[in-house]
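Below is one structure, written out as structure tokens; the observations come after it.
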Amino acid sequence: MKPYRIKSISEFHNIFNLPKPEHPLISVVDYAELVVAKRTSDVTVTVSDYYSISVKRGLSQKNPLWSAGI
């Protein structure tokens with residue numbers, strides 16, 4: 001399957017049935033909402049034309065690469 005290219009944050013919100021972003025360049029998404037939205041979308045593989053930062057909570061172990069400074 002060919003990945004779907006997402007060109008903007010607004011397009012990302014539209015595809016995953018999220019509310020419109022308040023700002024065109026910055027968006028904060030709760031992944032709990034995204035998982036529910038993914039179930040209703042046909043898009044499974046995506047490539048984005050923008051940077052994204054993710055924060056994962058609840059990790060029980062430290063990643064050995066973090067200790068190495070990588």
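Residues take their numbers from the sequence shown, with the count starting at 1. Only a predicted model underlies this, so the values are computations on that prediction, with no experimental measurement involved.
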State whether a side-chain donor-acceptor pair under 3.5 Å links Tyr50 with Glu11. no
Evaluate the criterion side chain to side chain contact (heavy atoms under 4.5 Å, CB included) for residue pair Val29 and His13; output intermediate values, then yes/no. CA-CA 9 Å; Val29 175; His13 279 249; 4.1 Å; yes
Below 4.5 Å, heavy atoms only, C-beta onward: do Ile15 and Ile6 meet side chain to side chain? yes
Are the side chains of Pro21 and Ser10 in touch, meaning some heavy atoms are under 4.5 Å apart? yes
Let me confirm one number: the OG-CZ distance from Ser48 to Phe12, rounded to the nearest 0.5 Å. 8.5 Å
Rounded to the nearest 0.5 angstrom, the CG-CD1 distance for Asp49 and Ile9 is 11.5 Å
